[in-house]
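Letters go in sequence order (proteins before strands), and every chain restarts at 1. Atoms considered below: every heavy atom in the structure, side chains included; atoms not considered: hydrogens, waters and symmetry mates.
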Number of protein chains: 2
Amino acid sequence: MLSPLIQKLGIRSPLSDHDRKALQQVCGRVVSVGAHQDLIEEGDASDHVTFIRSGFACRYRILPDGERAIIAYLVPGDACDLYAPLLGHMDHAVATLTRCDVAVVSRQDFDVLTSDYPAIAGALHVSDLVDEAISREWLVSMGRRSAEKQIAHLLCELLARLQVVGLATSDSYDFPITQADLADASGLSVVHTNRVLQTLRAEGLILLRHKNLSVPDLSRLHAFADFDISYLHLRSSPNRSAPIQLRSGPIRLQ
Amino acid sequence: MLSPLIQKLGIRSPLSDHDRKALQQVCGRVVSVGAHQDLIEEGDASDHVTFIRSGFACRYRILPDGERAIIAYLVPGDACDLYAPLLGHMDHAVATLTRCDVAVVSRQDFDVLTSDYPAIAGALHVSDLVDEAISREWLVSMGRRSAEKQIAHLLCELLARLQVVGLATSDSYDFPITQADLADASGLSVVHTNRVLQTLRAEGLILLRHKNLSVPDLSRLHAFADFDISYLHLRSSPNRSAPIQLRSGPIRLQ
DNA sequence: CGTGTTCTTGAGAATCCTCAATGAAGGTGG
DNA sequence: CCACCTTCATTGAGGATTCTCAAGAACACG
């Protein structure tokens with residue numbers, strides 16, 4: 001089974017077998033972490049690079065009044081602290097939401113990897129740029145979409161991101177995120193999050209039972225949520241429908 | 001007078017005189033653009049790199065119902081589309097908010113610059129990471145801060161960012177952003193934005209007159225807005241108070 | 001079969017929105 | 001310099017959304 005990281009990078013950037021092997025080797029040390037555990041704390045000047053191998057995690061900050069703001073969801077294949085040393089310290093924390101397997105790579109090994117394999121460095125950079133695009137989309141959702149559309153949009157995004165790493169079918173995925181975690185990511189209260197989910201269910205837009213989410217009519221959910229997948233940059237250009245050719249070569253997509 | 005771009009990069013990453021000269025040379029072509037003009041449209045596969053030289057701009061998206069969401073403010077020294085080719089197309093647009101001078105660099109010249117001057121490439125990367133941190137902070141504000149604190153926080157952020165490029169005193173700056181632009185960046189209505197500003201004025205937290213913002217008691221505003229400047233990464237570490245030494249050398253800050 | 005977490009519901013209150021209108025500021029042409 | 005026009009800021013009022021508090025139900029786990 002291909003690691004989710006390699007799957008994710010390979011979709012957006014061409015990687016050679018050589019690159020894949022190097023990645024697989026470096027990410028050998030996998031640690032299992034229970035739910036609701038900090039992987040990285042605010043202020044850390046992390047000397048490791050951490051990747052989510054399985055499970056869900058999040059970036060978050062705690063405010064003075066004790067409120068928690070979740071800034072991003074991390075799914076298998078996502079990096080936690082790729083560029084932390086460039087900024088000197090973490091300005092937010094990372095915690096698991098469920099039990100997770102995480103790959104921990106020493107910063108030294110990682111630096112060797114990226115300088116020996118520029119295609120990997122490039123693919124990781126692209127992947128970080130997509131994370132930025134996701135942040136922007138969350139800002140759009142929080143600022144200008146109704147609570148219902150915001151949550152629906154988030155569910156669409158997770159479907160697409162999990163499909164990339166082979167953890168979702170065409171219309172469903174395991175959804176272990178609690179309503180409290182969803183609330184902190186949406187800026188809503190838990191109570192309202194609950195009511196929003198009920199509305200989406202009542203409208204027949206989603207089926208959510210036993211920690212599994214399935215979408216009866218994906219195009220209807222997309223239309224409702226105003227979900228345009230292009231911000232995830234799964235293709236090199238919105239106008240080009242053919243997938244990127246998989247070959248080793250330059251980092252640039254076009 | 002040093003260009004705002006060079007000022008900004010130099011604060012977070014060591015640049016040699018050599019680097020500075022190269023930057024100055026490449027950013028020679030400056031274009032003047034009126035207020036409320038698109039600099040980059042959504043979907044563009046830009047073949048230029050654009051930097052704000054003077055004036056205010058923003059990243060934004062228009063939703064199907066016509067609403068505008070502002071995702072980021074751009075101030076002098078900020079890049080508009082640094083890594084656009086890596087993602088293939090712009091997933092959002094960039095527009096001026098006021099009259100702006102922008103430096104337009106051909107993608108070709110830019111690529112030559114970054115490969116000839118790795119310190120510049122590194123500094124730009126760090127700068128982009130800070131933009132990410134700013135996005136995250138906006139998410140925190142939108143999700144879990146009151147409208148008053150959110151706007152106050154934004155005003156604190158702008159003060160700090162403008163100080164970096166020499167466009168603010170210790171407690172004031174020119175503030176040409178309209179309440180409509182502030183509303184679209186905060187996810188509030190124009191009416192409520194107006195009332196929030198009035199509250200901040202009534203509390204004596206800000207003075208806003210004739211497009212000029214000044215802060216009578218900065219630490220009070222910081223405390224009110226829960227503003228912790230460390231996310232702007234103006235120092236290499238929150239525990240180290242000495243500024244970064246200015247010398248040419250490796251990209252990494254520590 | 002208890003115990004803690006998560007989900008759900010009700011009700012009243014705070015926040016924020018929309019609509020609609022007025023006032024103030026700035027720019028332009030005569 | 002004034003009349004006019006456009007943009008921006010402000011105000012009032014009623015309503016929608018979302019919140020908090022509080023409690024009970026369902027579920028998961030040992």
Side-chain angles (χ1 to χ4, degrees), chain A residues 34-37 56 58 63 65-70 95-99 141-152 154-155 174-203 206-213, chain B residues 34-37 56 58 63 65-70 95-99 141-152 154-155 174-203 206-213:
Chain A
H36 312 297
Q37 302 295 312
F56 286 75
C58 69
L63 299 182
D65 58 3
E67 293 278 313
R68 178 181 64 161
I70 289 181
T96 59
L97 295 173
T98 65
R99 165 167 288 283
S141 274
M142 287 197 124
R144 286 287 179 244
R145 286 199 252 258
S146 69
E148 284 78 12
K149 292 188 184 218
Q150 183 187 357
I151 298 232
L154 181 52
L155 297 179
D174 283 338
F175 187 77
I177 295 173
T178 68
Q179 294 184 4
D181 295 334
L182 209 46
D184 283 343
S186 319
L188 304 172
S189 66
V190 181
V191 171
H192 198 60
T193 300
N194 178 279
R195 292 187 167 128
V196 166
L197 285 174
Q198 286 181 55
T199 305
L200 295 180
R201 276 192 280 227
E203 295 286 331
I206 60 170
L207 292 171
L208 183 51
R209 274 194 323 251
H210 308 305
K211 306 267 177 205
N212 180 279
L213 182 106
Chain B
H36 311 296
Q37 302 295 312
F56 286 74
C58 68
L63 299 181
D65 60 1
E67 293 278 314
R68 179 181 63 159
I70 290 182
T96 60
L97 294 173
T98 66
R99 164 166 289 282
S141 274
M142 287 198 131
R144 288 285 179 247
R145 286 199 254 258
S146 69
E148 284 76 13
K149 292 187 184 217
Q150 183 187 356
I151 297 227
L154 181 51
L155 298 178
D174 283 339
F175 187 77
I177 294 173
T178 67
Q179 294 183 3
D181 294 334
L182 210 45
D184 284 343
S186 319
L188 303 172
S189 67
V190 181
V191 172
H192 198 62
T193 300
N194 177 279
R195 293 187 166 127
V196 165
L197 285 174
Q198 286 182 55
T199 305
L200 294 179
R201 276 191 281 227
E203 295 286 331
I206 61 169
L207 293 171
L208 182 51
R209 274 194 322 252
H210 309 304
K211 306 265 175 207
N212 180 280
L213 183 106

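Between A:K149 atom NZ and D:dA16 atom P there is a gap of 18 Å when expressed in whole angstrom units. Distance, A:Q179 CD to D:dA26 C1': 12 Å, rounded to whole Å. Protein atom CG of A:D184 is 17 Å distant from nucleotide atom P of D:dT18, rounded to whole Å. Rounded to an integer number of Å, the gap from B:D181 CG to D:dC8 C1' is 11 Å.
Annotation: the terminal axes of the helix from C:dC1-D:dG30 to C:dG30-D:dC1 meet at 50°, where each axis is the rotation carrying the C1' atoms of four end pairs onto the next four (5 pairs per end, rounded to 10°).
With hydrogens and angles disregarded, no donor-acceptor distance shorter than 3.5 Å links the side chain of A:S186 to the backbone of A:I151. Between the A:T96 side chain and the A:G34 main chain, a donor and an acceptor come within less than 3.5 Å of each other. With B:Q37 contributing its side chain and B:A95 its backbone, the two residues share no donor-acceptor pair below 3.5 Å.
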Review point. What's the verdict on side chain to side chain contact (heavy atoms under 4.5 Å, CB included) for A:L97 and A:T178, showing C-alpha distance, side-chain angles and the deciding distance?
Key: CA-CA 9 Å; A:L97 295 173; A:T178 68; over 6 Å; no
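Taking the side chain as every heavy atom from C-beta outward, A:R145 and B:L63 approach each other to under 4.5 Å. Between B:I177 and B:F56 the shortest side-chain heavy-atom distance falls below 4.5 Å. Here the side chains of B:L208 and B:R201 are in contact, with some heavy-atom distance below 4.5 Å.
Each of B:I177 and B:R144 lies near DNA chain D, and the nucleotide nearest B:I177 is the one positioned closer to the 5' end. Position along DNA chain D of the nearest nucleotide to A:H210 versus A:R145 favours A:R145 as the more 5'-ward residue.
Once you apply a 4.0 Å limit to the heavy atoms of chain A, the touched nucleotides of DNA chain C run 5' to 3' over C:dT6 to C:dA11.
Residue B:F175 forms a side chain to side chain contact (heavy atoms under 4.5 Å, CB included) with just one option from B:N212, B:L213, B:I206, and that option is B:L213.
Rounding to the nearest 0.5 angstrom, the gap separating the OG1 atom in B:T199 from the CG atom in B:N194 is 9.5 Å.
Residues of residues 189-202 of chain B that place a heavy atom closer than 4.0 Å to DNA chain C, in numerical order, are B:S189, B:V191, B:H192.
Annotation for A:R144 and B:R68: closest pair NE-O, 3.2 Å, computed over non-hydrogen atoms.
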